[in-house]
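Note that the structure is predicted; figures quoted are calculated from it, not measured. All values below were derived from every heavy atom in this structure, side-chain atoms included, with hydrogens, water molecules and symmetry-related copies excluded. Chain naming here is simple, since letters A, B, ... match the order of the sequence lines and numbering starts at 1 in each.
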Amino acid sequence: MDERYNPREAEEKWQKFWAEQKIFETRDDAPGEKYYVLAMFPYPSGRLHMGHVRNYTLSDVVARYRKALGYNVLNPMGWDAFGLPAENAAIEAGAHPRKWTHSNIDAMRAQLQSMGLAIDWSREIATCDPEYYKHEQKMFLDFMKAGLAYQKESWVNWDPVENTVLANEQVVDGCGWRSGVPVERRKLTQWFLKITDFADELLDALDTLEGWPDRVRLMQENWIGKSRGLQMRFHITQGDAPAEHIEIFTTRPDTLFGASFMALSPDHPLTTALAEKDKKIADFVTECHRQGTSEAALEQAEKRGVDTGLTVKHPFEDREIPVWVANFVLMDYGTGAIFACPAHDQRDLDFARKYGLSVIPVVLPEGEDPATFTVGDEAYTGEGTLFNSDFMNGLDVAEAKKSVIARIEKSGDGEGTVTWRLRDWGVSRQRYWGCPIPVIHCKDCGIVPVPEDQLPVTLPEDITFDKPGNPIAHHPTWKNCTCPSCGKDAERETDTFDTFFESSWYYARYCDPHNENAAFDRAKVDAWCPVDQYVGGIEHAVMHLLYARFFNRALKKCGYLGFDEPFKGLFTQGMVTHETYKDEKGKYLFPSEVDLSKGREKAVKLSDGTLVKVGRIEKMSKSKKNVVDPNEILETYGADAARLFILSDSPPERDLEWTEGGIEGAWRFVQKLWRMISAPQTALAAKDTSLPGNTDAAAQEVLEAMHKTVHQTGQELDRLHFNKAVAHIRAFANTLADYDTSGKADGAVLRRGFETLVKLAAPVMPHLAEELWRVLGHETPVSLAAWPKVDKKYLVSDQVTIAVQVNGKLRATVTLPRDTDKKIAEDIAMKEPGVKKAIDGKTVRKVIVVPNRIVNVVV
RNA sequence: GCGGGCGUGGCGGAAUUGGUAGACGCAACGGACUUAAAAUCCGUUGGGCCUUGUGCCCGUGGGGGUUCGAGUCCCCCCGCCCGCACCA
């Protein structure tokens, strides 16, 4: 027997074994209840990063654990293979996106396989393959038929130098990332999906997603943003306007008497009309368009505006309100126009202070005097009583809202309405590396869907990236076609789909991945779905997960499948972080370039011995160089040690700090298990020896610990508390290592302990577990073994140690039989010397006894 | 700016969900083994105080509150992170 465990040999051996024996290939009709575990599929960047390793370790442990529990587990993998980086590589390195992507996939698949994942590779998919995307072209045509897809104009970031549409990511401080010139906004006609049709349903169904983290549900709720309010018209009284009134939406109709100005979005039709005659307004609008399209950019910009000279009449008071154009009013929300009440809205207040507009408080916080209450630089947005508000005076905010809505409705100037923050999903992208949108533009017939028998519309292969803009649009012949309707010359749509399109249905494709005729067989998908446990990054909390929830409903509406929610359980993991290092010149260094052996204060550069500054712990990123290459880790320590470390310390939902010490510690534990079980101190009993009826106290303790560990480990794995599961496994390994083997039954007890330990460790360290399982004499793999059973009689000890406090401070502990009578427990506790001392000379006022927990004496 | 989250020893974290704060591990220090090193094993390890105990006081980002009892619940503040609709 080797003294040291050699992960490289063992891992390769078992990975080969699993693949050859098809251990993890899933049959639809295999016995056991179905369990679908899914990790968010990766973008094939070419190299695995630690975030991937963490993600797939988590889902893999779930898959292996569920398999051991007897479930028929589906754990597939694929590639989110369309996207910008492939085009960037084409521009920068001249690589063809298809070749670049496929070679990346090959490299990453090999890396994933070296992690020893229990994945059914026979179901692998890549979204850039026409066999995949042809089905989503069909889906889009079905969505068109169902009225779920339509075209409208919307804004894009435009780089005036590169003549290209930019992604938000490509806009840095308002400028194009390559050109460095300020971006402009342009309107383009684009395709949209009617996610807003499902807004109510998507919101209401959040309550049913009990397997989701509350915070994600809350984020989605806020994103959908259902709000009740008042939509009403203000009549224009002065100024040269091509309209008679301004339609606004507000969620704070109660503050109507505090209105001090109206604000129009720079993109409001009225603004556009006014700008034609007024250069000041036109200039302001142009200026506003010199910003990115992202909401964050808009809202973080300094509040600015321009007075239109128009005024409107206050509906209840004899006063005129000035109308401004303001950069913080979003055209996409409500009606694109608001009335501003600076006293009770921070944005309005900032604006009012800047332009010297009046601030009229109308909600009085509790305890304030209406005569003296003023608003300074902070708007008051809390509850209170209305004042300065005529018929609403004395009402609270909720009552006031109802009251004013009723009045406005009666006057015919508006009505109480519901508005959503959620906007329809724009799916058009002016890019090459995406799924072509299957429509044809005909001069006579307009938009004509590509006939289904002509699908897929495949991407042209012979493209060049020498010109800026979308290479498909530049292609000499690709877009030329004949109109399916009238037969005349026509042009193909050159936009491609947003890559969220592909990731909105891949979970269903895995259930029937090789179906050529349809996206999937409905019966298969309905049998496997919903996904029981979805695992991925918190960064997808809103968009990807909301789009997929919508898409699933759209598919249901079109008859593709029969359920609403695609993901029953969701787990969002934290990021992987690492210390950062900078050299004397302030340049970032890779961890592998730094010598930390003399401590963090004396860190030096390996190459020349110069001092290195150890910086903050941050998310691993190429730019900060604080990355650790999974390949190196897997080669040095093996997959099992890497998996163990990833699962060990940090709770999976929190950030994980990658440390050299941590992976070393995991490596030591792998070796410790190997030593302990492969070369036991006491000879083990033969395989299948049953435990003798009477064991000594030491053996009894081991068995008790064993059953408790099985119970706790299972419970923690059920809850995805992997760090705690690992702690229990380690603690039990310590128990076995400390086991004083001098009683009669030791060989049998020790064997039972080892076998249990190996089974518990198997989901975490699968290769080591297989190797040890064989050492213990088993011929069938542990990956097919059942999870150990708990004997409940070992779970409850008959003695409990409880704390005795005096005035909440610990003064003694006493060990009592379980469920000791309250009075007896009190009496025993009172006799403790520490307790006597603490209550000496004081009167006992009360004694609180919580059975099996605590005794607290109040003096 | 808006929405969501996190904060416990030197470090990652645990705490039966309001009941003995620091499980499990990392690092450090001391010791054993060794010609030496590696590996391994044993011990100590939140801070402070002294009368060194079976001791006392302080301690869960900061401040306040509720409670017999608060890391846990409530209010305010600080710091960091994620998302914001064309990165995936």
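Nucleotides B/C73 and B/G19, compared at atom P, are 11 Å apart to the nearest Å. B/G12 sits 15 Å from B/A23 when the P atoms are compared, rounded to a whole Å. Rounded to the nearest Å, the gap between the P atom of B/C74 and that of B/G79 is 22 Å. To the nearest whole angstrom, the two C1' atoms, one in B/U44 and one in B/C58, are 22 Å apart.
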Protein-nucleotides 65-70 of chain B N/O pairs under 3.5 Å:
residue: B/C68; atom: O2'; partner: A/Asn856; partner atom: ND2; Å: 3.3
residue: B/C68; atom: O2; partner: A/Asn856; partner atom: ND2; Å: 2.5

Taking only nitrogen or oxygen atoms into account, show me every contact under 3.5 Å that the protein makes with nucleotides 38-49 of chain B, one pair per line with its distance.
none

List, with names and distances, any nitrogen or oxygen atoms from the protein found under 3.5 Å away from nitrogen or oxygen atoms belonging to nucleotides 57-63 of chain B.
residue: B/C57; atom: OP2; partner: A/Arg811; partner atom: NH1; Å: 3.4

Polar atom pairs (N or O), protein with nucleotides 86-88 of chain B, under 3.5 Å:
residue: B/C86; atom: OP2; partner: A/Arg429; partner atom: NH2; Å: 2.8
residue: B/C86; atom: O4'; partner: A/Arg429; partner atom: NE; Å: 3.0
residue: B/C86; atom: O4'; partner: A/Arg429; partner atom: NH2; Å: 3.3
residue: B/C86; atom: O3'; partner: A/Asn168; partner atom: N; Å: 3.3
residue: B/C86; atom: O2'; partner: A/Asn168; partner atom: N; Å: 2.5
residue: B/C86; atom: O2; partner: A/Arg431; partner atom: NH2; Å: 2.3
residue: B/C86; atom: N4; partner: A/Gln190; partner atom: OE1; Å: 3.0
residue: B/C86; atom: N4; partner: A/Gln430; partner atom: OE1; Å: 2.8
residue: B/C87; atom: OP2; partner: A/Asn168; partner atom: N; Å: 3.3
residue: B/C87; atom: OP2; partner: A/Glu169; partner atom: N; Å: 2.8
residue: B/C87; atom: O4'; partner: A/Glu169; partner atom: OE1; Å: 3.1
residue: B/A88; atom: OP1; partner: A/Leu84; partner atom: N; Å: 3.1
residue: B/A88; atom: OP2; partner: A/Thr499; partner atom: OG1; Å: 3.4
residue: B/A88; atom: O3'; partner: A/Asp80; partner atom: OD2; Å: 2.6

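Judged by distance alone, the side chain of A/Asp80 and the main-chain N or O of A/Phe41 form no donor-acceptor pair under 3.5 Å.
When side chains are defined from C-beta on, A/Glu502 does not count as touching A/Trp79, because their heavy atoms never get closer than 4.5 Å.
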Exercise for review: Report the C-alpha separation of A/Asp214 and A/Arg217 in whole Å, then their side-chain angles, then the decisive distance to 0.1 Å, and conclude whether the salt bridge (charged side-chain N to carboxylate O under 4.0 Å, His left out) test is met.
Suggested key: CA-CA 5 Å; A/Asp214 286 342; A/Arg217 293 197 271 177; 2.9 Å; yes
Practice item. Report the C-alpha distance between A/Phe645 and A/Trp667 in whole Å, list the side-chain angles of each, state the deciding distance to 0.1 Å, and finish with yes or no for ring pair (Phe, Tyr, Trp, His ring centres under 6.0 Å). Key: CA-CA 8 Å; A/Phe645 171 55; A/Trp667 163 261; over 10 Å; no
Exercise for review: Could you walk me through whether A/Gln190 and A/Ser154 pass the side chain to side chain donor-acceptor pair (under 3.5 Å) test, one step at a time?
Suggested key: CA-CA 7 Å; A/Gln190 312 205 55; A/Ser154 86; 3.1 Å; yes
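Going from atom CD of A/Gln715 over to atom C1' of B/U17 covers 13 Å, rounded to whole Å. Between A/Asp345 atom CG and B/C2 atom C1' the separation is 11 Å, expressed in whole Å. Rounded to a whole Å, the CG atom of A/Leu673 is 16 Å from the P atom of B/C24. Distance, A/Trp667 CH2 to B/G25 P: 19 Å, rounded to whole Å. Between the CZ atom of A/Phe722 and the C1' atom of B/G25 there is a distance of 18 Å, rounded to whole Å. Atom NZ of A/Lys303 and atom C1' of B/C2 are 10 Å apart (whole Å). In this entry the distance linking CG of A/Leu545 with C1' of B/G3 reads 16 Å, nearest Å. The CZ atom of A/Arg818 sits 16 Å away from the P atom of B/U16 (whole-angstrom rounding).
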**Study point:** Per-nucleotide protein contact string for nucleotides 4-14 of chain B, where B marks a base within reach and S marks sugar-phosphate only (heavy atoms under 4.0 Å, - for neither)
**Key:** SS-S----BSS
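In this structure, the salt bridge (charged side-chain N to carboxylate O under 4.0 Å, His left out) partners of A/Glu92, at least two apart in sequence or on a different chain, are A/Arg178. For A/Asp348, there are no side chain to side chain donor-acceptor pair (under 3.5 Å) partners, not counting sequence neighbours. For A/Glu378, the side chain to side chain donor-acceptor pair (under 3.5 Å) criterion is met by no residue, not counting sequence neighbours.
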Using a 3.5 Å cut-off and no angle test, enumerate the donor-acceptor pairs between side-chain atoms of residues 847-859 of chain A and protein atoms at least two apart in sequence or in another chain.
residue: A/Asn852; atom: OD1; partner: A/Asp819; partner atom: N; Å: 2.9
residue: A/Asn852; atom: ND2; partner: A/Asp819; partner atom: OD1; Å: 2.8
residue: A/Asn856; atom: OD1; partner: A/Gly808; partner atom: N; Å: 3.1

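Judged by the 6.0 Å distance and 45° axis criteria, A/Lys152 is positioned over the aromatic ring of A/Phe192.
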Review point. Under a cut-off of 3.5 Å for both distances of each Watson-Crick or G-U pair, what dot-bracket string does RNA chain B give, using [ ] for crossing pairs and | for inter-strand pairs?
Key: (((((((..(((......[....))).(((((.......))))).(((((..).))))..(((((..]....))))))))))))....
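Between A/Asn852 and the phosphate of B/U16, there is no side-chain N or O to OP1/OP2 separation shorter than 4.0 Å.
Counting only residues at least two apart or in different chains, side chain to side chain donor-acceptor pair (under 3.5 Å) contacts with residues 720-736 of chain A comprise A/Lys672-A/Asn734, A/Gln712-A/His728, A/Glu716-A/His721, A/His721-A/Lys724. Contacts classified as side chain to side chain donor-acceptor pair (under 3.5 Å) and involving residues 538-551 of chain A (residues at least two apart or in different chains) are given here: A/Gln220-A/Arg549, A/Tyr534-A/His544, A/Arg549-A/Glu565.
A 6.0 Å sphere centred on NZ of A/Lys354 holds more than 12 heavy atoms belonging to other residues, nucleotides or ligands.
Residue order along RNA chain B, read from the 5' end via each residue's closest nucleotide, puts A/Gln300 first among A/Gln300 and A/Val542.
Among the nucleotides B/C82, B/A21, B/G55, the one closest to the side chain of A/Lys837 is B/G55.
Atom CG of A/Asp332 and atom CZ of A/Arg423 lie 4.0 Å apart (nearest 0.5 Å).
The two residues A/Leu816 and A/Ala825 make their nearest non-hydrogen contact at CD1-CB, 3.9 Å.
Checking A/Phe82, A/Phe497, A/Trp100 one by one against A/Trp433, the ring pair (Phe, Tyr, Trp, His ring centres under 6.0 Å) holds for a single residue, A/Phe82. Of the residues A/Glu302, A/Glu299, A/Lys303, A/Arg304, the one that meets the side-chain contact (heavy atoms from CB on, under 4.5 Å) test with A/Phe328 is A/Lys303.
Glycosidic conformation, B/U20: anti, with the torsion outside 90° of 0.
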